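If you're wondering where the values come from, they're calculated on a predicted model, not measured in any experiment.
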Amino acid sequence: MTQPLRLGIAGLGTVGVGIVRIVQKHGALLATRAGRPIVITAVSARSKTKNRDVDLSDYAWVDDPVALAKRDDIDVFVEVMGGSEGPAKDATEAAIASGKDVVTANKALLALHGQALAEAAEAAGQVIRFEAAVAGGIPVVKSLTEGLAGNEISRVMGVMNGSCNYILTRMEDAGLSYEAVFDEANQLGYLEADPELDVGGIDAAHKLALLSSIAFGTQVDFDAVELEGIGAVTIEDIRQAADMGYKIKLLGVAQLTGRGLEQRMSPCLVPETSPLGQLQGGTNMVLLEGDAVSQIVLRGPGAGEGPTASAVMGDVMDVARGMRISTFGQPAKSLRKARAARAAVPAPYYLRMQLLDKPGALAKIAHALGEAGISIDRMRQYGHDDTAAPVLIVTHKTTRTALDEALADFKSTGVVTGDPVAIRIEAV
Ligand code: HSE
């Protein structure tokens, strides 16, 4: 029998336990497929005594993940602790320095330190694999680095945070406010310990930054992602958008244009009949566009024990089979530093505002749009009371710069009360 591949697992939360379960349940299957046994040698977590409903008695227990990473009896350091700094980073660096391959689910760590870690791993002849860091159980990293390796990628797009998609679809289905559904999701344990990671779009932006790097051969640049979370999305906008045939999604879009690398994660309107528009609950969806393949759509569970452990095990199996793919699909030293560009690809916009119900108010708004070179596609005034008239406008394609100019002009008209809502309508 060939040498077993020996795993050291750091982190025994939902994902870590999921990995242990797969290794225990599918030992024979994994060994047959890989041509060698996959074994767990040692594990590490904060609490040794916590009941995890899984048998860990065959594995060495190590309190310190850095010590686990350095052990001579592991080949692969599996990092499923999370966190961009501290133990996860220290232990990953220690693993690379002591000749271990790394399989990680840690999007924050790689989004912030991916370039340095990849360079260190490649200099040491080790691999870092991170399928589980992006879109949970969906094999999107493999799709880009392997299946689509013959394509020039033009755009990567998707819904990559299940919690946000759950909140937005639940608001619509139950007719509830953002605040009510946020509280509900938090109580159900659907949100990260720091919910801002989810609802602020940060978690999804980490994932987008990682996919951008692979897609465009650029160094991960999380700080350059234009970021807007879902906290300002109202049930009113969800209803009005639905009435016009759209859904609101927290959508990530990355594309390389002549101006540079555009990366944005923000609420967008998408047609309700599109695959993205029909995405319900905590499911993720990623669309990849390449010059040869045109577009592929990947859909599946973006989080949870089984899906995330499934992605980790896919990486473990690749290592067991001897696959040595560069972290971001090409040697880390060859990744270019991209010029970050503000999203400039024109798009139609959905605008909602409250106007004073007096003669000429609408004309002033139409004038401000016209002055900014923005053409109106559709317009509707609805449900006005004695003083205020809610108005919806869908523009023809325009740039965010022109729109910002018009929005600034709206203020000086003196007829708009409160802040207008402006949401991009994405062509998907
Ligand atoms: N909170 C994340 C999500 C988990 O909802 O997608 C996976 O990153």
Could you check whether any side-chain heavy atom of Asp318 comes within less than 4.5 Å of a side-chain heavy atom of Arg129, counting everything from C-beta outward? yes
State, with a plain yes or no, whether a side-chain heavy atom of Gln263 is found less than 4.5 Å away from one of Asp221. yes
Check this for me, if you would: do Arg424 and Glu228 make a salt bridge, where the nitrogen-to-carboxylate-oxygen distance has to be below 4.0 angstrom? no
Do the side chains of Asp243 and Arg239 get close enough for a salt bridge, i.e. N-O under 4.0 angstrom? no
Any donor-acceptor N or O pair under 3.5 Å, side chains Gln330, Ser326: no
For Asn161 versus Cys164, what's the shortest heavy-atom pair and its separation? OD1-N, 2.8 Å
Taking every heavy atom of Ile38 against every heavy atom of Ala320, the minimum-distance pair comes out as CD1-CB, 3.5 Å
Between Asp101 and Arg324, does any NZ, NE, NH1 or NH2 come within less than 4.0 Å of an OD or OE carboxylate oxygen? yes
Just so I know, are the side chains of His396 and Ile376 near enough to count as touching, which here means a heavy-atom distance under 4.5 Å? no
Taking the side chain as everything from C-beta on, heavy atoms only, tell me whether Arg342 gets closer than 4.5 Å to Arg400. yes
Are the charged groups of Arg155 and Glu426 less than 4.0 angstrom apart, N to O? yes
List the atom of Thr283, the atom of Arg299, and the distance in Å for their closest heavy-atom pair. CG2-CG, 4.0 Å
The single option from Val17, Ile9, Thr308 that satisfies side chain to side chain contact (heavy atoms under 4.5 Å, CB included) with Val80 is Ile9
Show me, pair by pair, the donor-acceptor contacts under 3.5 angstrom made by side chains of residues 172-185, not counting sequence neighbours?
from   : atom 1 : to     : atom 2 : distance (Å)
Glu172 : OE1    : Lys247 : NZ     : 3.3
Glu172 : OE2    : Lys247 : NZ     : 3.1
Ser177 : OG     : Ala180 : N      : 3.1
Glu184 : OE1    : Tyr166 : OH     : 3.1
Glu184 : OE1    : Arg170 : NE     : 2.5
Glu184 : OE1    : Arg170 : NH2    : 3.4
Glu184 : OE2    : Arg170 : NH2    : 3.0

Glu119 and Lys333 ion-paired at < 4.0 Å: yes
Can you see whether His113 engages Glu85 through a side-chain donor-acceptor pair at a distance of less than 3.5 angstrom? yes
Ion pair present between Asp63 and Lys48, side-chain N to carboxylate O less than 4.0 angstrom? no
Does Arg352 pair with Asp237 as a salt bridge, N-O distance under 4.0 Å? yes
